[in-house]
Structure formats: C-alpha cells, structure tokens
Amino acid sequence: MTCRQLIAFLSDYYDGTLPVADRAAFDQHVGGCLECRQYVEQFKQTVKMVNQLGRSCEPTPLPGHLVEAILKAVEDKK
Amino acid sequence: MPTAVQALLTQQIKSGSPRAYESLLKEYGPRLLATARRISRNEDDAQDILQDAMVLCLRNVGDFKGDSSLYTWLHRVVVTTALMRLRKSKRRNETAIEPLLPAYFDDGHRVGARGGRQWADSIDAVYQRLEVRELVRACIDKLPDTYRDVIILRDIEEMDTTSAAGVLGVNDGAVKTRLHRARQALRTLLEPYVASERKRSRS
C-alpha cells in the first residue's frame, strides 16, 4: 500500500467501514511510515474537532413567543 | 420517548390536536432548535428555521410513515430547511476543492510530507477554547458549498450516509467521496492554526 492509497482509505478507516484485509495493510503501512502516522493523527483530530461542534449548542426550552408563533402559523395554514 | 408514546403522539398530531402540537414542541423543540443554531449560527435565523420546519412538519405529518423515529424525521426537515437558508444567505462558493487536497509524487508519496509539523499534543485542551471552535466553524464555511453541506450533515449532525444522501439528493457514494475530500480539505485549512497551537501551548 502506498501513502496515496492509505490516504484514500482514511475516511473508511475512521468510520469503521474499511474491509478487514485493507485494514491490516493500512495498519502495517502506518506502523512503518512516520509521515502517514502524522497525517492520520491530524485527520482524526480534524474530524474529532468537527464532531465536537455537534455537541455545542445545549438544547434549551423554546422561547414562549416561538411556540406561539409556530402554533399560530399552523392554525393559519389549516 | 418510548415508541408507544411516540405512536400515540403522532396519531394525535395527525388528528390536529393543538395540545399534541405543544407536546411535540416541548419534547423535540429544544434539540431541533440547537440543530438550527449550529447550522445557521444566528439566533433569529435559527428560530425562523425552526418555525418554517415545524409548520411544514405539522401540516404534512401524514407524510410521516413511521419508518424512522419521529425525531429523526423532524431533524431531517430542520436540517434541510437550515441548509436551504444557508445557501440563500451566502454567496455560492463553488471553488475547486483540489488545491486543498494532498498532492502525490509518481511513487505515491505525499508532497510536503517530510518536515510536516505535528499538531497540538492534546486537541481536547485546545478545543475547549471558544476561539478554536469558531476557527473550526469558520474553516468549514470556507469549503465549497457541496463539501461544507456534507460535513455539516455527517460530522456535525452525525446523520448516517444514506440519510445525508437523501437530504442532499445524491447517492451514498457521492456522500462518501465528498465527505472524505471535505475532511482532507479541512485538515489543510486548519493546519496553519493548529500546528502553531503547539508552540503557543508550550510558551
């Protein structure tokens, strides 16, 4: 497996959808290639940071005026 | 919400009960508004998005067949509404993504791999800072629209590939390809900032 092939597999590797045989070749390449190890780590950190954005914005109760506006709009359009 | 309660609520909504509408908004509204806020990043827009999406859902609740959870269905409508508004509010970015993807030598080695800088030791510590979150989001917004949308759906809203494909009107393969490219491009965009975080955290 070349560095290029490895990077092509990265999302599948990260998402757990890489077939077992490819996964073994992937792990073997990463074990012996410092540059790819670094790239894989940075790729994982990137996705992790994006995932954490998904945990931003704690749910809070809807403002009363918004509930009223939605209910009124639904009634109006009936 | 337990499945039986959800089924009852759905039935009541379908029969047009205002109390059921309120129950639905109380149960799911907070999470859905959080989704609208994450995508729009503007409180007024987020509330407008939720209103438009909920009115659409409540008027078309007959379309809900129960093959997903009620929340999944509502979430999908909110996400679709939010993306449509995002596309309208900004000048379309249809620039090529290729300059942000890795380049390779003929032998398959990555150009610029040697001498690459390491990123911060603990990304969690770095991420706690609000400015970093803003930076990550600003970099996502720099991606061409088709790539920005897919990363919002898959990596922020954590929709599965098929659901994201449904929202975007493309097949699963296109979602996977775009997501992979979007993640690589985002790594490129973040690199100048995150690599320098290490120096900063050590100073």
Side-chain angles (χ1 to χ4, degrees), chain A residues 1-19 25-26 29-30 32-78, chain B residues 16 18 21-22 25-26 29-38 46-47 50-52 54-55 58-59 102 104-105 107-110 113-114 116-120 123-124 126-127 132-133 135-137 140 151-152 154-158 161 176-177 179-181 183-184 186-187 190-191 194-195:
Chain A
M1 181 179 282
T2 65
C3 301
R4 181 176 198 152
Q5 288 166 333
L6 178 127
I7 290 172
F9 283 147
L10 248 179
S11 277
D12 279 330
Y13 183 86
Y14 186 86
D15 294 331
T17 52
L18 191 64
F26 185 103
H29 181 106
V30 167
C33 178
L34 176 66
E35 287 80 12
C36 281
R37 220 160 33 241
Q38 201 173 50
Y39 191 91
V40 168
E41 192 52 36
Q42 292 169 355
F43 183 92
K44 284 183 185 173
Q45 288 178 331
T46 298
V47 182
K48 196 172 169 187
M49 284 196 281
V50 181
N51 289 157
Q52 293 206 31
L53 276 183
R55 280 155 220 142
S56 61
C57 297
E58 283 297 308
T60 51
L62 298 191
H65 71 84
L66 181 58
V67 175
E68 284 170 24
I70 294 170
L71 295 176
K72 184 173 183 308
V74 175
E75 282 303 312
D76 288 350
K77 290 194 175 180
K78 265 186 179 175
Chain B
Y21 293 169
E22 282 184 54
L25 292 174
K26 192 173 176 190
R31 279 187 286 162
L32 296 169
L33 182 59
T35 290
R37 284 176 177 146
R38 280 193 296 269
Q47 292 192 15
L50 187 73
Q51 180 169 337
D52 290 352
M54 286 301 98
V55 171
L58 291 171
R59 290 185 65 219
Y104 300 94
F105 295 109
D107 64 2
H109 283 92
R110 183 166 57 91
R114 284 180 190 273
R117 288 181 295 173
Q118 269 198 314
W119 284 16
I123 213 73
D124 287 339
V126 169
Y127 193 79
V132 178
R133 264 182 273 172
L135 169 71
V136 174
R137 184 50 206 250
I140 290 173
I151 213 165
I152 287 174
R154 287 282 287 113
D155 284 342
I156 297 183
E157 291 305 317
E158 299 190 355
T161 300
K176 290 180 86 169
T177 304
L179 178 65
H180 185 50
R181 290 174 145 220
R183 287 168 168 176
Q184 291 177 88
L186 190 60
R187 190 211 71 90
L190 285 170
E191 180 158 42
V194 186

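Labels below follow one simple rule: chain letters A, B, ... track the order of the sequence lines, proteins then strands, and each chain is numbered from 1. For clarity, every value in this text was computed on a predicted model and none was experimentally measured. Side chains are part of it too, since the values below use all heavy atoms of this structure and drop only hydrogens, waters and symmetry mates.
Each of Arg183(B), Arg137(B), Arg38(B) was compared with Asp155(B) under the salt bridge (Lys or Arg N to Asp or Glu O under 4.0 Å) criterion, and only Arg183(B) meets it.
The shortest distance between side-chain heavy atoms of Asp15(A) and Arg154(B) falls below 4.5 Å.
Counting heavy-atom pairs closer than 4.5 Å to chain B, the top residue among Leu62(A), Thr2(A), Asp12(A) is Leu62(A). Between chain A and the residues Arg114(B), Lys176(B), Glu157(B), the most heavy-atom pairs under 4.5 angstrom are made by Arg114(B).
With a 4.5 angstrom heavy-atom cutoff, Ile140(B) touches chain A only via side-chain atoms. Both the backbone and the side chain of Gln42(A) come within less than 4.5 Å of a heavy atom in chain B. For Leu71(A), the part lying under 4.5 angstrom from a heavy atom of chain B is the side chain only. For Asp107(B), the part lying under 4.5 angstrom from a heavy atom of chain A is the backbone only. No part of Gln5(A) comes within reach of chain B, as not one of its non-hydrogen atoms sits under 4.5 angstrom from that chain. For chain A, the nearby part of Leu190(B) is the side chain; its heavy atoms alone come within less than 4.5 Å.
Thr60(A) and Arg37(B) form a side-chain donor-acceptor contact under 3.5 Å, judged by distance and modelled atom types alone.
We find that Glu158(B) and Arg55(A) are joined by a salt bridge, their nearest charged nitrogen and carboxylate oxygen being less than 4.0 Å apart.
Centroid-to-centroid, the aromatic rings of Tyr13(A) and Phe26(A) come within less than 6.0 Å.
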(request) Determine, stepwise, if the pair Arg187(B) / Glu191(B) fulfils salt bridge (Lys or Arg N to Asp or Glu O under 4.0 Å). (result) CA-CA 6 Å; Arg187(B) 190 211 71 90; Glu191(B) 180 158 42; 3.5 Å; yes
